[in-house]
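A short write-up of the structure that comes next.
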Amino acid sequence: MQSPPIEWALHVAHFGILDYLRDRGEPDGDTASECLRVIFHTHDPRGRAALAAAITASGVVLFRHLVK
């Protein structure tokens, strides 16, 4: 099955709009960044290092996927 680029654009737009709408209220843990802060425990230096490692690894995997 071939998906046209518009489908991917709509998925990204949906995520962006959803996150924006959730960000308009109180910081109650419902946005993507708030969830990541909780998951990675960014108040702790080890959690920040784990988040940085995850972002780096994701970037490397995405880059390798896109240039293959």
For residues 60-68, dump all side-chain donor-acceptor pairs below 3.5 Å to protein atoms at least two apart in sequence or in another chain.
none

To which residues is [X] joined in a hydrophobic cluster, defined by side-chain heavy-atom contacts under 4.5 Å among Ile, Leu, Val, Met, Phe, Trp and Tyr, whether direct or through other members?
{"X": "L51", "value": "L36, I39, F40, I55"}
{"X": "L21", "value": "I17, Y20"}
{"X": "L10", "value": "I6"}

Tell me the salt bridge (Lys or Arg N to Asp or Glu O under 4.0 Å) pairs involving [range], sequence neighbours left out?
{"range": "residues 46-61", "result": "D44-R46"}
{"range": "residues 30-41", "result": "none"}
{"range": "residues 8-26", "result": "none"}

So which atom in C35 and which in G29 form the shortest heavy-atom distance, rounded to 0.1 Å?
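Closest pair (atom of C35, atom of G29, distance): SG-O, 3.5 Å.
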